[in-house]
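One structure below.
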Amino acid sequence: MATQDTSPQKQEAASQPRRSLRGFAAMDPQRQREIASLGGRAAHQSGHAHEFTTEEARAAGKKRHAVRNGSADKS
């Protein structure tokens with residue numbers, strides 16, 4: 001006679017139904033991009049979007065590299 005595995009993980013996985021993609025996740029990737037770009041355009045038109053200047057981008061890059069490299073200079 002075979003023994004059954006009754007561990008909590010196995011029971012939990014078996015009792016939960018598999019989820020199917022719905023809504024935005026089920027859309028064609030091209031359609032997702034179209035919808036997302038509409039949001040970006042709306043943000044720019046309303047003045048809520050932020051565009052980095054060259055100086056801001058440079059400072060952000062320096063901070064990121066300092067953190068990644070473990071540098072003590074995190075200005």
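Bear in mind that the values here come from a model prediction, so they are computed numbers and not experimental data.
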Notebook entry, point to check: When rounded to the nearest 0.5 angstrom, what is the spacing between CG in L21 and CE in M27?
Noted result: 12.0 Å
Item checked: Closest heavy-atom pair and its distance - S37, E34 -> OG-O, 2.8 Å
Next item on the list: Identify the heavy atoms of E56 and H50 that sit nearest to each other, and give their distance.
Entry: OE1-NE2, 3.3 Å
Notebook entry, point to check: Rounded to the nearest 0.5 Å, what separation is found between the CZ atom of R33 and the CG atom of L38?
Noted result: 13.5 Å
Check: Within a strict 4.5 Å, meaning less than it, do heavy atoms of the V67 and K63 side chains meet?
Finding: no
Checklist line | Neighbour count above 12 (heavy atom, 6.0 Å) for F52 CZ | finding: no
Checklist line | E51 atom CD: more than 12 heavy-atom contacts under 6.0 Å | finding: no
